[in-house]
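Here the structure is a predicted model, which means the values were calculated and not measured.
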Amino acid sequence: MSARPTLLVIAHGSRDPRHAATVSALCARVRALRPGLRVEVGYLDFNAPSVPRVLERLSAEGVRDVVALPLLLTRAFHAKSDIPAALREAVSRLPLLSVHQAEVLGPSSLLTDALERRLEEAGVRPGDRRSTGVVLASAGSSDPEAIAVIAETAREWRRTAGWCAVRPAFASASLPRTADAVRALRAEGVDRVAVAPYVIAPGFLPDRIAAGAREAGADVLAPVLGAAPELAHLLLRRYAQSLRSRQDLPTLVA
């Protein structure tokens, strides 16, 4: 058995089968990058296996050390409450298992690199940046910290990448909606508007983002981040950072 701690990727889950397929593809890419690393997937809801079932199986197989990595772009309710609670409950029943919760994926320049990859795939070229306004469309959150991170990501992306403008938008919980952000850029005289979904996998909220982009007549709609190579590298980066910090699970409870 490998001495490396097992990487447990924790995804939210969805009734949409595209969600689990995307998570599986992303984890397959991580395995290809690090063949000696065991990578497992657990879901908070809708999909199997659940996080507790995965941890129970790992413990029964003799695994003693796990890095639990939330497949989340911001540190909101799931990262602060749901995931620590699920891990704490499982560990209380599995005394031989040590679990360390890694940081969420964002913010990171690798995420904006992945966004740019998806925009290029949708037809945006480097020479278009000065005339293109981007709507950074996330799922949304009621957590002020998460909203502030999205807003800062938009500002920093515009500053470093040279877009005409980058505006945050949200599919739920917060405003503005994607369609409103597209219309606001049009009203400001932006020649070309592209919508970049800041979400990992397809599902209900990403579909709402796409509908808003179409409703407002955006010129470009990029695909979701999906199994972009930048995301696979970012998962491994967060895994390595967790190994260096070696924080105990109880310290992760907000």
K.L.:
State, to 0.1 Å, how close R4 and L37 come at their nearest heavy-atom pair, and which atoms those are.
P.N.:
NH1-N, 3.8 Å

K.L.:
What pairs of residues pass the side chain to side chain donor-acceptor pair (under 3.5 Å) test when at least one of them lies in residues 137-147, not counting sequence neighbours?
P.N.:
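Every side chain to side chain donor-acceptor pair (under 3.5 Å) pair that includes a residue of residues 137-147, provided the two are not neighbours, is K80-D143, K80-E145.
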
K.L.:
Any donor-acceptor pair under 3.5 Å linking the side chain of R29 with the backbone of A227?
P.N.:
yes

K.L.:
Using a strict cut-off of less than 4.0 Å between a Lys/Arg side-chain nitrogen and an Asp/Glu carboxylate oxygen, indicate whether R15 and D45 qualify as a salt bridge.
P.N.:
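So R15 does not pair with D45 through a salt bridge.
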
K.L.:
L73 versus Y198: any side-chain heavy-atom pair under 4.5 Å?
P.N.:
yes

K.L.:
Does Y239 offer a backbone N or O that forms a donor-acceptor pair with the side chain of S242 under 3.5 Å?
P.N.:
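Looks like no, no N/O pair under 3.5 Å.
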
K.L.:
Taking E120 first and then R117, would you say they form a salt bridge - that is, a charged N and a carboxylate O separated by under 4.0 Å?
P.N.:
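Salt bridge between E120 and R117, a charged N being under 4.0 Å from a carboxylate O: no.
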
K.L.:
Can a donor-acceptor pair be found, under 3.5 Å and without considering hydrogens, that links the side chain of H19 to the backbone of G13?
P.N.:
yes

K.L.:
Ion pair present between R237 and E230, side-chain N to carboxylate O less than 4.0 angstrom?
P.N.:
no

K.L.:
Is there a path from V135 to V166 through hydrophobic residues (I, L, V, M, F, W, Y) whose side chains come within less than 4.5 Å of each other?
P.N.:
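V135 and V166: separate clusters.
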
K.L.:
May I ask you to test the P70-R75 pair for a side-chain heavy-atom distance under 4.5 Å?
P.N.:
no

K.L.:
So, R183 and E215, do they make that salt bridge, N to O below 4.0 Å?
P.N.:
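Here R183 pairs with E215 in a salt bridge, since their nearest N and O are under 4.0 Å apart.
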
K.L.:
What pair of heavy atoms forms the shortest contact from T178 to I209, and how long is it?
P.N.:
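Closest heavy-atom pair between T178 and I209: CG2-O, 3.7 Å.
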
K.L.:
Looking at residues at least two apart in the chain, or sitting in another chain, which of them share a salt bridge (Lys or Arg N to Asp or Glu O under 4.0 Å) with R177?
P.N.:
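Partners of R177 under the salt bridge (Lys or Arg N to Asp or Glu O under 4.0 Å) test: none.
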
K.L.:
Throw together a table of side-chain donor-acceptor distances under 3.5 angstrom for residues 190-197, partners on residues two or more places apart or in other chains.
P.N.:
unit_1: R192; atom_1: NH1; unit_2: D128; atom_2: OD2; d: 2.9

K.L.:
Does V104 offer a backbone N or O that forms a donor-acceptor pair with the side chain of R238 under 3.5 Å?
P.N.:
yes

K.L.:
So, does S174 use its side chain to make a donor-acceptor pair with the main chain of F170 at under 3.5 Å?
P.N.:
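Not confirmed, S174 side chain does not pair with F170 backbone.
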
K.L.:
Report the distance from atom CG of L236 to atom CG of L7, rounding to the nearest 0.5 Å.
P.N.:
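Rounded to the nearest 0.5 Å, the CG-CG separation comes out at 7.5 Å.
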
K.L.:
Does R18 pair with D207 as a salt bridge, N-O distance under 4.0 Å?
P.N.:
yes

K.L.:
Ion pair present between R31 and E40, side-chain N to carboxylate O less than 4.0 angstrom?
P.N.:
no

K.L.:
Under 30°, 30 to 60°, or over 60°: which ring-plane class applies to H12 and F46, parallel, tilted or perpendicular?
P.N.:
tilted

K.L.:
May I ask you to decide if H78's main-chain N or O and S81's side chain share a donor-acceptor pair within less than 3.5 Å?
P.N.:
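Flag not set: sc S81 to bb H78 has no pair under 3.5 Å.
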
K.L.:
Consider only side-chain heavy atoms of I, L, V, M, F, W and Y, link residues closer than 4.5 Å, and tell whether L205 and L221 are in one cluster.
P.N.:
no

K.L.:
Heavy atoms, side chains only, cut-off 4.5 Å: are L44 and I10 in contact?
P.N.:
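Heavy-atom side-chain distance check passes, below 4.5 Å.
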
K.L.:
Among V99, L55, L69, find the one that has a side chain to side chain contact (heavy atoms under 4.5 Å, CB included) with L8.
P.N.:
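The residue from V99, L55, L69 that satisfies side chain to side chain contact (heavy atoms under 4.5 Å, CB included) with L8 turns out to be L55.
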
K.L.:
Determine, for W163 and R158, whether the Lys NZ or Arg CZ falls below 6.0 Å from the six-membered ring centre while staying within 45 degrees of the axis.
P.N.:
no

K.L.:
Are the side chain of R186 and the backbone N or O of G217 linked by a donor-acceptor pair below 3.5 Å?
P.N.:
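Present.
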
